[in-house]
Amino acid sequence: MTEIKDARGLACPEPVLMVKNEIDKLGGRGTIKVLVNTVAAKENISRLAKNQQWSITIIEEGEDWLITLSK
Amino acid sequence: MNNKVSIIITGAIVGALAILLVKLGNPQNMGICIACFLRDITGALGLQQVNTVQYIRPEILGLVIGAFATSVISKDFRVWGGSSTFTRFILGFFVMFGMLVFLGCPLRMILRMSAGDLNALVGLLGLVAGVSLGTVFLRKGFTLGQAVIQNKSNGYMFPAVILILLILLLAAPAFIYFSQQGPGSMHAPLAISLGAGIIIGVLAQRTRLCLIGGIRDLILFKELYMLYGFIAIFVVALVGNILMGNFHLGLAGQPIAHNDGLWNFLGMALGGFGCVLLGGCPLRQLIAASEGNTDSAVTITGLLLGAAFAHNFGLAAGTKGVPVPGQVAVVIGLIVVGAIAFFNVYFNIKTQKSSRREVPFNDGNKGCEGSSLS
């Protein structure tokens, strides 16, 4: 099961940097799950996914968003 | 409407409003400047006694009102904080020194550039250098930690303070200082300044406009989104300045600026370095504070104290240049921000190493996995 990274409560650009590091670590292919709770983090990660051509799904979980990136 | 179009439209409107505010009375190349305007507010409250920079700037109040209202309506209003609060205060304090030595925040820097002030270009180089330095620490794991959701009452305090400032501005009691001369005495009509602030607050809340974020994202992710907004501000303000006859290309004799290149560079380098660690420029901090981020509200108080301190002790630059104490303050600021960045990364690495050693003894204890949930 893919580990869920918890980026809740982190200021810009830490959540997106966390995902970027994970993308680099996976060598361009795989699945990343990250939990965020700010719109800025959600949008930044969405933009990064789009730029790196990873597909993305966002599920709202109460006050948080669970973002899944895959390629 | 896609994000790129929204941020370009936002930038264009900010640029146009900045030109309009100057036309209607704001100081030259200072349609909007978060650092200068926060400094003017400290003067109005008597926290510094320089009688040329005292006014409760309605633009700041409008920004907060606009961003607060929009965040409540759009349900972006979330009350949280508690991540390295005092460190943020200290960073805000020194960031203001840098910006008052340069004479402007990143937003005014763009506006100065659009009027042909080449000193602002030197400032931009400094800002890029400062942000680049900060990203080195971000890559190495610099973090101010995770903020937590707080009681909702905390989030209303910053907008409430702003509301009190608005009442003081409208009532103008005797204990509030309003400059009779100098930049502080120059301002557009109150309602127009307030309205412009509200419009910018709404737009900046929706698009998260931030120049520090723009440069940072370009360096870290090759991402241009935020920079489109600032290019739009520059282009629209440039056209506006040319049409108004306010475009004068050069280094010498620029309005409310000095041409000491070294200190323009180092001042903005300090501003950029501190702001990238804080996660955003003063504009972004103001908007985030309005959205319920109490850490950003503390950062604003750091900026305010920095401004009061800078003017009380003669550290801020003037049109003639940067006083020696101001130069010393910038060097101290760079050392302090550098030390904060270095020790943050150092202790992070140390903590990670020691928690890795403990893992075999905590088999099955999920609480030791730090940021991972499962």
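This structure is a prediction, so every number in the text was calculated from the model and none was measured. Residue numbers start from 1 in every chain, and the chains themselves are labelled A, B, ... in the order their sequence lines are given, proteins ahead of strands.
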Between E22(A) and K33(A), is the closest basic N to carboxylate O distance under 4.0 Å? no
Between K50(A) and E223(B), is there a salt bridge with N-O shorter than 4.0 Å? no
For chain B, which candidate among Q52(A), E63(A), R47(A) shows the most heavy-atom pairs at distances under 4.5 Å? R47(A)
Using non-hydrogen atoms and a 4.5 Å limit, figure out which bit of N37(A) sits close to chain B: side chain, backbone, both or neither. both
With a 4.5 angstrom heavy-atom cut-off, which part of E43(A) approaches chain B: side chain, backbone, both or neither? side chain
If we define contacts as heavy-atom pairs under 4.5 Å, which of D76(B), T135(B), L144(B), T143(B) has the most with chain A? T143(B)
Between N344(B) (side chain) and A341(B) (backbone), is there a donor-acceptor pair under 3.5 Å? no
Under 4.5 Å from any heavy atom of chain A, what part of F142(B) do you find: side chain, backbone, both or neither? backbone
Distance flag, aromatic centroids of F137(B) and Y346(B), threshold under 6.0 Å: no
Stepwise side-chain contact (heavy atoms from CB on, under 4.5 Å) test for S296(B) and R88(B): CA-CA 8 Å; S296(B) 288; R88(B) 289 178 194 270; 5.6 Å; no
